[in-house]
There are 2 protein chains.
Amino acid sequence: MAADYRLDRIDRRILKILQAEGRLTNQALASRVALSPSACLARVRHLERIGVIQGYHARLDPFRLDIGLVLFVEVILEGHSPEEQARFEAAIEAMPEVVEASHVSGDVDYLLKIVVANMMEWTRLREKFIGGDLGVDRITTHALMRKPKIFKGYPISDP
Amino acid sequence: MAADYRLDRIDRRILKILQAEGRLTNQALASRVALSPSACLARVRHLERIGVIQGYHARLDPFRLDIGLVLFVEVILEGHSPEEQARFEAAIEAMPEVVEASHVSGDVDYLLKIVVANMMEWTRLREKFIGGDLGVDRITTHALMRKPKIFKGYPISDP
DNA sequence: TGTGAAATCGATCCTTA
DNA sequence: TAAGGATCGATTTCACA
């Protein structure tokens, strides 16, 4: 999947723009990076094919969706062998409530983003973590109240 | 901004689809929700106008961007008055390295997502947090190593 | 890799229901 | 609110540099 492809200046400008304005037309994008539409489209398709662009998404306001609760959960495993990690990761892969998982260094092993309809659902899901045989030692929960700064993409330097 | 507008079944289907496929053409979207293109476009524009759709973004692979380090930082403030929170939030608003901030309930006050080029940069930025007059009591840092589950949007029920 | 032209397809607006 | 049709603009392919 061309994991070693080197992004040039124009690629980076394309990525920066599409990260901020995902529905920009190819023509507008082309003129902003000073390419013909066909050359620009070829680059975008290439970036998609090699996996630098992983998808396009509408960003929705979670507080307008009757989504329930958004929780950030820190997980510490009992053991840290590859097998134990794989078992845990397979378990969360199968939980639709877990919408994002990050494996991190430090005193904590995983940071999860979890969406549940209400506290009761969280109480039930919580038991799967601590009671179950997922090899979890301890979890800490934080409930989202407000988003003072919203993620709109990674910083990409122009040059 | 029509914060009380009630989403109907078709709105929710539109949101679910655009959240997963942000660059879908209006025609394709229209046929998937069984509307004419013009009616579908009017709904999408409406959802954008009232702020349920906040933007469109290409999702990029952070490990392919030479971005440096992605850090998750937990922040505990010394005090919890509205003024102290506002001061802290204004400070992180002005830091481009802080790409996302969540105000959460529990023993921690804020969860930050921070992107820095390298450890040295983080060491410098860290001092702004603990040394500065931001009213920060304590921070805990986790560095992203791997993403076993990637966020692709909130769960939206069909009916 | 890039350009420009040609053909197809999509977005958008307006009218009518 | 929705549909249909007209118009204008965008996407995509291809021959060529």
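Chain letters run A, B, ... following the sequence lines, proteins first, then strands; residues in each count from 1. Quick note: numbers below take in every heavy atom, side chains included, and nothing from hydrogens, waters or symmetry partners. Everything numeric in this text was worked out from a predicted model, so none of it was measured.
Ranked by how close their nearest DNA chain C nucleotide is to the 5' end, A/Ala34 and A/Arg23 are led by A/Ala34.
In this structure, B/Leu24 places its CG atom 14 Å from P of D/dT11, rounding to the nearest Å. Atom pair A/Asn26:CG and D/dT11:P shows a separation of 5 Å (rounding to whole Å applied). To the nearest angstrom, P of D/dG4 lies 11 Å from CG of B/Leu35. In this structure, B/Ile10 atom CD1 and D/dT1 atom C1' are separated by 10 Å, rounded to whole Å. Separating the CZ atom of A/Arg9 from the C1' atom of C/dG2 is a distance of 17 Å, rounded to the nearest angstrom. Atom P of nucleotide C/dG10 and atom CG of B/Leu29 are separated by 13 Å, given to the nearest angstrom. Between the C1' atom of C/dG10 and the CG atom of B/Leu41 lies a distance of 11 Å, rounded to the nearest Å.
Looking at A/Gln19, its side chain does come within 3.5 Å of a backbone N or O of A/Tyr154 through a donor-acceptor pair.
Helix bend of the helix from C/dT1-D/dA17 to C/dA17-D/dT1: the angle between its two end axes, each built from five pairs, comes to 30° after rounding to 10°.
Comparing D/dT12, D/dA2, C/dA11 by their nearest atom to the side chain of B/Ala39 picks out D/dA2. The side chain of B/Arg43 lies closest to D/dT1 when the candidates are C/dA11, D/dT1, C/dG2.
With hydrogens and angles ignored, no donor-acceptor pair closer than 3.5 Å exists between the side chain of A/Ser38 and the base of C/dG2.
Between A/Ile53 atom CD1 and B/Arg59 atom CZ the span is 11.0 Å, to the nearest 0.5 Å.
For the salt bridge (charged side-chain N to carboxylate O under 4.0 Å, His left out) test with A/Glu89, the passing option among B/Lys149, B/Arg146, B/Lys147 is B/Arg146; the others fail.
In this structure, the ring of B/His46 has its center less than 6.0 angstrom from the ring center of B/Tyr5.
Between A/Arg45 and D/dT12 there is a side-chain polar atom (N or O) within less than 4.0 angstrom of OP1 or OP2.
A/Tyr56 and A/Val52 fall within the same hydrophobic cluster, defined by Ile, Leu, Val, Met, Phe, Trp and Tyr side-chain heavy atoms under 4.5 Å apart, directly or through other members.
Checked for salt-bridge contact, A/Glu21 and A/Lys152 miss the test: no charged N lies under 4.0 Å from a carboxylate O.
Using a 4.0 Å heavy-atom criterion, one finds that A/Thr25 contacts the sugar-phosphate atoms exclusively.
Relative to the ring axis of A/Phe151, B/Lys113 places its NZ or CZ within 45° and under 6.0 Å from the centre.
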